[in-house]
Amino acid sequence: MAKVKTAYVCTNCGNDSPKWLGKCPVCGEWNTYVEEVISKDTNPSKGGFHIFDSPKAKPLLLKDVETGEDPRIDMQDGEFNRVLGGGLVPGSLVLLGGEPGIGKSTLILQTVLGLQNIKTLYVSGEESARQLKLRADRINSNSENCFIVCETNLEQIFVHIQNLKPDFVIIDSIQTIFTDTVESSPGSVSQVRECSAAILKFAKETGTPAILIGHINKEGNIAGPKVLEHIVDTVLQFEGDQHYMYRILRSIKNRFGSTAELGIYEMRQNGLREVSNPSELLLTQNHEGLSGVSIAAAIEGIRPFLIETQSLVSTAAYGTPQRSATGFDLRRMNMLLAVLEKRAGFKLIQKDVFLNIAGGLKVNDPGMDLSVISAVLSSSLDISIEKHVCMTGEVGLSGEIRPVNRIEQRILEAEKLGFSKILIPQNNLKGFTSKVNIEIIQARKVEEAFRQLFS
Ligand code: TYD
Ligand code: MG
């Protein structure tokens, strides 16, 4: 019997080492090494993937490579198409990551059920066919062309693919699939890597697109090695707060499109619904006369939307005041509080500060700063901000308001939604020529903005 060969593999970056290490020398993470069986048989003629077994490929001059007119597959879902960069590219491998229960399986099942003329094979390693059928009934959609198979063995999956010859393959999820050529358990670094590589090879050779669903670990990375993100063509992330109904589909890497794209969905009783106009949903509450609320004209990806920022400032009950932020970076909030304290003279040292971005969305746009700082001040002073005012601007360490990108889009979105005033950074309007029906106020420093808002 061949000797079982093991190695220690870093679960973060996939680096391997013959002995256990406390700290990975490549990525610097601590305590990420786990022992894995590499192969039970080292003889490459049995099993394993060969490097030189494909004489079909031969070097071509780049100018001779035919591209065709890039016939993308229409996913019948505006948001999904947009995030993919205009539809799914044949032969591409897409990785969809997200926390458990966020709705990955729902999104994909709903999408494939909407594809009427494309024969799809949905490989489920997590749910039974009955469960999938129940979900399809909930989504209220049934397709003539969607085949389901509950299988976790990669070799068996390829047998099914060979028999069925599908046009589109879904693997739900890559962490449950295992191949016989690697002996470690499903979900381990080497299994995930081998299986993905095999599926990639299949996708490229046959031109069949495939989607891999993957879980996210505690740190928010897609579980399994980073190499997985390198081998696939597109990495999408489905995120949102479990307690809210909004979900964001984000593109983290895309070989065939921009990563600035973003799709917004709403989780309903009967599946996910595309949200084509996010602002209207995020601004349904009437906050007139309420202190601690301000409206930000934000951009996520390349889409503008107006979003409510809520804050509560109260006297701290304990020695150390609490600082908490939902949907916003806590460190950034602390920085903004320091600016408020230093530049505008508001003593927040004995105060608890809570911040919340409406709808459970996580917004990374620096243009949110002005709105955050204004909401905090509004709550602290207990003075409400006028209802028809919104704002955008990045706040710098010395209290200056710095220009933001895509100011035009922000202004036009605010105008479209009926706002009468927008506060923007000074010198941000260069090249902006459109005639708008909204009062534009420019501010250079936070003090100026506060004077506009609270006097
Ligand atoms: P699921 O797709 O199973 O998540 P994942 O594959 O990412 O683990 O989604 C499960 C959640 O979605 C579950 O909590 C119930 C909710 N859901 C709805 O609210 N409406 C629906 O129509 C469906 C199918 C699911
Ligand atoms: Mg699932």
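Basis for what follows: all heavy atoms, side chains included, without hydrogens, waters or symmetry-related copies.
When the shell of 6.0 Å around NZ of Lys204 is examined, it contains more than 12 heavy atoms from other residues, nucleotides or ligands. Counting heavy-atom neighbours within 6.0 Å of Leu397 CG, excluding the residue itself, gives a total of 12 or less. With a 6.0 Å radius and a threshold of 12 heavy atoms from other residues, nucleotides or ligands, Glu386 has its CD atom at or below the threshold. The environment of Leu60 atom CG is dense: over 12 non-hydrogen atoms of other residues, nucleotides or ligands sit within 6.0 angstrom. The number of heavy atoms from other shown groups lying within 6.0 Å of NZ (Lys445) does not exceed 12.
Minimum interatomic distance between Arg332 and Val395 (heavy atoms only, all atoms of both residues): NH2-O, 3.6 Å. Residue Val293 comes nearest to Glu308 through the heavy atom pair CG1-CG, 3.5 Å, listed as atom of the first residue, atom of the second, then distance. Taking each heavy atom of Ser92 and Val89 in turn, the nearest pair found is OG-O, 2.7 Å. Taking every heavy atom of both residues into account, Leu115 and Asp74 meet most closely at CD2-O, 3.3 Å. Of all heavy-atom pairs between Tyr265 and Glu79, the closest is OH-CB, 3.5 Å. Here the closest non-hydrogen pair linking Leu132 and Leu109 is O-CD2, 3.8 Å.
In this structure, Arg343 does not pair ionically with Glu400, as no charged nitrogen and carboxylate oxygen lie closer than 4.0 Å. Comment: Glu99 does not engage Lys104 in a salt bridge, judged by the lack of any side-chain N to carboxylate O separation of less than 4.0 angstrom. Salt bridge status for Glu448 with Arg451: absent, with no side-chain N to carboxylate O gap under 4.0 Å. For Glu408 and Arg406, the salt-bridge test fails: no basic side-chain N is under 4.0 Å from an acidic carboxylate O.
Between Ile424 and Ile441, every side-chain heavy-atom pair lies at or beyond the 4.5 Å cut-off. Counting heavy atoms from C-beta outward, Thr392 and Leu370 have side chains that stay 4.5 Å or more apart. Residues Leu95 and Thr234 fail the side-chain proximity criterion, which asks for heavy atoms closer than 4.5 Å. Residues Ile177 and Pro186 form no side-chain contact, since every pair of their non-hydrogen atoms from C-beta on lies 4.5 Å or further apart. In this structure, the side chains of Val112 and Ile170 come closer than 4.5 Å at one or more pairs of heavy atoms. For the pair Gln76/Gln116, no side-chain contact is recorded, criterion being any heavy-atom separation below 4.5 Å from C-beta on. Taking the side chain as every heavy atom from C-beta outward, Arg410 and Val404 approach each other to under 4.5 Å. Looking at Thr309 and Ile357, their side chains come closer than 4.5 Å, going by heavy atoms from C-beta outward.
Rounding to the nearest 0.5 Å gives a distance of 5.0 Å between CD1 of Ile373 and CG of Leu340. Note that CD1 of Ile216 is 11.5 Å distant from CZ of Phe238, once rounded to the nearest 0.5 Å. Expressed to the nearest 0.5 Å, how far SG of Cys195 lies from CG of Leu228 amounts to 10.5 Å. Between the CZ atom in Phe454 and the CG atom in Leu381 there is a gap of 6.0 Å [rounded to 0.5 Å]. Between atom CD1 of residue Ile174 and atom CZ of residue Arg193 there is a gap of 13.0 Å, rounded to the nearest 0.5 Å. Note that CG of Leu312 is 10.5 Å distant from OG of Ser378, once rounded to the nearest 0.5 Å.
At distances below 3.5 Å, at least one donor-acceptor pair connects side-chain atoms of Glu415 with backbone N or O atoms of Asn437. Judged by distance alone, with hydrogens and angles left aside, the side-chain atoms of Ser455 form no donor-acceptor pair with the main-chain N or O of Gln452 at under 3.5 Å. A distance-only check finds no donor-acceptor pair linking the side chain of Asn270 to the backbone of Ile139 [under 3.5 Å]. Here the side chain of Asp167 pairs no donor or acceptor atom with the backbone of Ile118 at under 3.5 angstrom. Checking side-chain atoms of Ser380 against main-chain N and O of Val376 turns up no donor-acceptor pair under 3.5 Å. Not a single donor-acceptor pair under 3.5 Å links the side chain of Ser379 to the backbone N or O of Ala375. Remark: side-chain polar atoms of Asn81 are paired, donor with acceptor, to backbone N or O of Met75 under 3.5 angstrom. Of the possible donor and acceptor atoms, none in the side chain of Thr106 sits under 3.5 Å from a partner among the backbone N and O of Gly271. Side chain of Lys387 to main chain of Phe419: no donor-acceptor pair is present (N/O by atom type, distance under 3.5 Å, no hydrogens or angles). No donor-acceptor pair closer than 3.5 Å links the side chain of Gln110 to the backbone N or O of Leu107.
Each of Asp77, Ile264, Leu262, Leu96 was evaluated against Leu249; a single residue qualifies, Leu96, per the side chain to side chain contact (heavy atoms under 4.5 Å, CB included) test.
Donor-acceptor pairing under 3.5 Å is lacking for the side chains of Thr259 and Asn254. No side-chain donor-acceptor contact under 3.5 Å links Asn117 and Asn145. A donor and an acceptor atom, one from each side chain of Gln310 and Asn356, are located under 3.5 Å apart. If you check the side chains of Asn15 and Tyr33, you find a donor sitting under 3.5 Å from an acceptor. Side chains of Ser294 and Ser371: a donor on one and an acceptor on the other come within 3.5 Å. In summary, the side chains of Ser105 and Asp172 do present a donor paired with an acceptor at a separation below 3.5 Å, with no hydrogens or angles considered. Between the side chains of His215 and Glu126, a donor-acceptor pair is found at a separation under 3.5 Å.
A search for salt bridge (charged side-chain N to carboxylate O under 4.0 Å, His left out) contacts involving Arg247 returns nothing, not counting sequence neighbours. Asn427 is linked by a side-chain contact (heavy atoms from CB on, under 4.5 Å) to Lys430, counting only residues two or more places apart in sequence or in another chain. Applying the side-chain contact (heavy atoms from CB on, under 4.5 Å) test to Asn334 and every residue at least two apart in sequence or in another chain returns Arg323, Leu330, Leu337.
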Determine, step by step, whether Glu300 and Asn364 satisfy the side chain to side chain contact (heavy atoms under 4.5 Å, CB included) criterion, reporting the C-alpha distance in whole Å, the side-chain angles of both residues, the deciding distance to 0.1 Å, and the verdict.
CA-CA 7 Å; Glu300 261 301 295; Asn364 300 321; 3.9 Å; yes

Please determine whether side chain to side chain contact (heavy atoms under 4.5 Å, CB included) holds for the pair Phe328 and Lys362, giving the CA-CA distance in whole Å, both sets of side-chain angles, and the decisive distance to 0.1 Å.
CA-CA 6 Å; Phe328 194 76; Lys362 215 203 226 112; over 6 Å; no

Quick one, Asp369 with Leu336, criterion side chain to side chain contact (heavy atoms under 4.5 Å, CB included). Give me CA distance, side-chain angles, the key distance, then yes/no.
CA-CA 7 Å; Asp369 289 357; Leu336 292 173; 3.9 Å; yes

With side chain to side chain contact (heavy atoms under 4.5 Å, CB included) as the criterion, how do Ser196 and Leu212 come out once you've worked through the C-alpha distance, each side chain's angles and the decisive distance to 0.1 Å?
CA-CA 8 Å; Ser196 316; Leu212 308 177; 4.2 Å; yes

